[in-house]
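Everything on this sheet refers to the single structure shown next.
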There are 2 protein chains.
Amino acid sequence: MASLTTSVAQRRRAGRRPTIHDVAEAAGVSKSAVSLAIRNQRGVSEATREHILQVAQELGYRSNVWARSLVQGRTGLIGILLQDLGNSYHRDVTAGVEDAAVANDLRLVIGHGRRDAKRLQGELDSLLALGVEGVVIVSSWVPPQYLERIGRRVPLVVVGRLPHRVPGVDTVANRDEEGAKQAVEHLIGLGHTRIAHLTGSARPAAMHRRGAFSEVMRRTFPDVDPQVEGPEQLEAAIKYLVFQIQQEKGAPTAVFTQNDRVAADLVGACLDAGLNLPEQLSIVGYDNSSVCQMLRPQLTTVDQPRARMGELALEMLRERIAGRTDDKHITIAPKLVVRDSTAAPRG
Amino acid sequence: MASLTTSVAQRRRAGRRPTIHDVAEAAGVSKSAVSLAIRNQRGVSEATREHILQVAQELGYRSNVWARSLVQGRTGLIGILLQDLGNSYHRDVTAGVEDAAVANDLRLVIGHGRRDAKRLQGELDSLLALGVEGVVIVSSWVPPQYLERIGRRVPLVVVGRLPHRVPGVDTVANRDEEGAKQAVEHLIGLGHTRIAHLTGSARPAAMHRRGAFSEVMRRTFPDVDPQVEGPEQLEAAIKYLVFQIQQEKGAPTAVFTQNDRVAADLVGACLDAGLNLPEQLSIVGYDNSSVCQMLRPQLTTVDQPRARMGELALEMLRERIAGRTDDKHITIAPKLVVRDSTAAPRG
DNA sequence: AGATTGTTGTGGAACGTTCCACAACTGTTT
DNA sequence: AAACAGTTGTGGAACGTTCCACAACAATCT
């Protein structure tokens with residue numbers, strides 16, 4: 001018991017943050033006047049406002065966010081839940097959200113799942129516990145039923161593809177089918193006919209890319225069965241592809257990969273095997289991440305307007321917070337970026 | 001006026017978060033009992049605790065962090081201020097801090113400077129406004145005098161090198177001199193004598209690496225003036241280096257770069273110029289970032305125990321929060337990681 | 001039986017802020 | 001002169017929680 005009272009005493013001692021009372025006392029006005037002054041509201045004269053602000057400055061007063069949000073019933077906090085900060089796609093979306101948040105006087109709190117579904121959910125809980133007014137989720141790993149439950153309590157916008165629509169949850173995504181189509185048609189335009197697809201995921205976005213790949217291939221080359229490798233045993237699939245090419249027996253001359261990460265692995269494996277890129281194999285990635293320009297050859301890829309998607313997500317979240325109740329789903333056109341990893345097939 | 005009362009009414013209506021009062025009422029006990037139950041404190045019998053918890057669960061009750069921290073005078077929030085999330089070094093340090101924070105029941109709030117000194121300071125202000133109990137700063141871009149001022153109000157630990165020690169601020173850093181020494185001695189051990197240093201920064205860590213490079217070189221080859229390029233006009237410096245090598249006139253046969261990013265640029269330029277790596281040029285980076293294994297040849301680099309540094313930083317921060325007042329500076333040994341970008345010089 | 005100790009629970013006072021009704025002025029209009 | 005309107009300022013009641021002194025009761029010890 002003694003220790004408890006001591007700790008309170010400690011708190012009250014010297015180092016204590018100055019409160020609105022301290023400022024009021026020092027300035028010789030009421031706490032209400034101080035409150036008005038620091039919030040720049042009318043109700044105090046210009047002269048007293050300046051006086052109060054100066055006193056506040058001298059005391060190093062900084063208003064207590066919790067007390068404020070406690071009485072106002074809002075926190076001005078927005079959460080963003082990320083699957084993987086290491087991925088520049090996620091990072092750029094975040095930057096977009098952040099810029100839009102700052103512009104709207106909202107503070108962004110980052111929750112980071114670190115590629116772990118369990119941790120991701122824990123982080124979402126944390127964000128909610130912090131009292132965020134809405135959450136932008138940049139991940140397709142949160143289970144839909146969980147999403148739906150949370151969505152009933154707090155506005156939610158998902159950036160990316162979900163397995164299916166979830167009532168009460170908005171989404172903004174790029175049209176993966178369109179991006180995949182551009183990639184494959186680029187390869188076809190270069191003269192490739194034996195084109196393979198390499199994927200490392202069975203998540204919705206990946207499946208849409210894969211689906212569009214198959215469709216374009218079937219439509220263009222009706223009598224060829226398009227080769228799709230992965231997502232399981234991706235490493236083995238890459239090895240097998242390289243082996244095929246070395247044998248030259250009707251091997252693919254081009255590969256469209258699910259994303260840049262897979263593309264980078266493929267590039268590495270090809271170079272390790274002594275293949276010449278892009279002469280012996282054309283490669284197209286997806287995401288236009290920062291590695292594209294580090295690799296040699298520089299990677300042809302599909303770019304999504306990531307920052308824009310982030311901005312849109314925050315915009316939709318604000319609408320939700322303001323009271324919109326009908327669901328909204330926005331899709332954005334991706335765009336092929338041609339670099340050095342694609343060329344016409346040999347011969 | 002009408003609108004104001006309405007807004008309060010709205011807040012009180014249906015969608016309102018259940019409070020401790022609601023749970024108390026529903027469970028037929030006092031709010032104090034609920035408070036004790038949810039915090040797992042003694043003062044309620046096991047039976048009533050279970051009953052209360054079940055009612056709370058049913059109502060979807062979640063305690064309001066703000067109200068709690070308002071009365072407790074502590075928030076359980078720790079801030080981390082990052083210079084650049086894109087850098088895997090920063091990311092890994094963050095992961096270490098995060099793990100340690102979770103283990104100590106603290107919540108981590110990320111502030112992201114996005115490579116902009118002004119934004120960085122703004123983010124630090126934001127963190128303080130949120131009421132964090134301490135901040136881990138992963139950046140050397142915060143001006144020392146600012147650091148000192150903030151450090152008087154809230155515990156601060158810097159991960160990395162500062163221009164000079166700042167009273168009241170702890171640091172944890174890797175011994176850059178030691179890492180640079182290992183890198184250069186590795187190259188010397190391979191038989192290189194003409195070794196250049198390429199740097200893209202004049203910040204403390206970079207300067208220490210550079211200094212150690214020069215010292216080892218001067219000690220080993222007293223009559224050679226060690227070649228240092230950058231940090232200004234880094235791109236031109238890289239071009240010049242490549243040009244030197246193509247001319248073969250006493251050009252460097254190895255380069256120790258300030259970090260992996262610079263090394264990646266150099267590798268790209270060399271490959272674009274048609275050089276063979278590592279035969280014509282050995283390259284050593286610094287940081288062991290994720291690109292190292294994506295590049296071909298895979299990059300020899302210096303690894304810092306990043307996660308460990310993050311853990312240590314949080315540990316020191318907790319000591320500070322608990323009351324330690326004397327400054328503490330920890331340094332950690334880095335370790336060379338040999339990959340494929342270094343080899344004996346030709347001939 | 002009375003005193004002591006322990007357990008379980010309660011109600012009210014904080015915490016630092018905003019909101020709101022109202023008070024005290026000072027002008028301006030009827 | 002009275003009524004009205006506008007400006008400037010005030011004190012008290014919230015907000016949702018924890019803390020704390022204390023009450024009621026049971027069990028144990030003199």
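The sequence lines fix the lettering, A, B, ..., with proteins before strands; numbering per chain opens at 1.
Atom CZ of R68(B) and atom P of dG16(C) are 18 Å apart (whole Å). Rounded to a whole Å, the CD atom of E25(A) is 16 Å from the C1' atom of dG11(D). Nucleotide dA14(D) holds its P atom 14 Å from the CG atom of L70(A), rounded to whole Å. Atom P of nucleotide dC15(C) and atom CG of D22(A) are separated by 11 Å, given to the nearest angstrom. To the nearest angstrom, P of dG11(C) lies 13 Å from CD1 of I20(B). We find that NE2 of H21(A) is positioned 13 Å from P of dT10(D), with the value rounded to whole Å. Separating the CG atom of L36(B) from the C1' atom of dG11(C) is a distance of 13 Å, rounded to the nearest angstrom. Computed from coordinates, the H51(B) NE2 to dG9(C) P distance equals 12 Å when rounded to whole Å.
At the phosphate of dG9(D), OP1 or OP2 sits under 4.0 Å from a side-chain N or O atom of T48(A). Considering only side-chain N and O atoms, R39(B) lies under 4.0 angstrom from the phosphate OP1 or OP2 of dT18(D). Between dG16(D) and T19(B), no contact under 4.0 Å exists linking OP1 or OP2 to a side-chain N or O. In this model, the phosphate group of dT17(C) is not approached by any side-chain N or O of S69(A) to a distance below 4.0 Å at OP1 or OP2. For the pair S35(B) and dT18(D), the criterion of a side-chain N or O lying under 4.0 Å from OP1 or OP2 is met. Proximity of Q72(B) to the phosphate of dT17(D): no side-chain N or O atom is located under 4.0 Å from OP1 or OP2.
The main-chain N or O of K328(B) is found under 3.5 Å from a side-chain atom of D170(B) such that the two form a donor-acceptor pair.
Evaluation of atom-type donor-acceptor distances gives no pair under 3.5 Å for the side chain of K31(A) against the base of dG9(D).
Among the nucleotides dT18(D), dA14(D), dT10(D), the one closest to the side chain of V71(A) is dA14(D).
A donor-acceptor pair shorter than 3.5 Å can be found between the side chains of R318(B) and N104(B).
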E50(A) and Q54(A): CA distance, side-chain angles, deciding distance, side chain to side chain donor-acceptor pair (under 3.5 Å) verdict: CA-CA 6 Å; E50(A) 267 177 34; Q54(A) 196 190 328; over 6 Å; no
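Within the 4.5 Å cutoff, the side chain of H90(B) has no heavy atoms near those of the V159(B) side chain.
Nucleotides of DNA chain D nearest to R42(A) and S32(A) differ in position, and the one nearer the 5' end is that of R42(A).
By the 4.0 Å N-to-carboxylate-O rule, D327(B) lies close enough to R320(B) to be salt-bridged with it.
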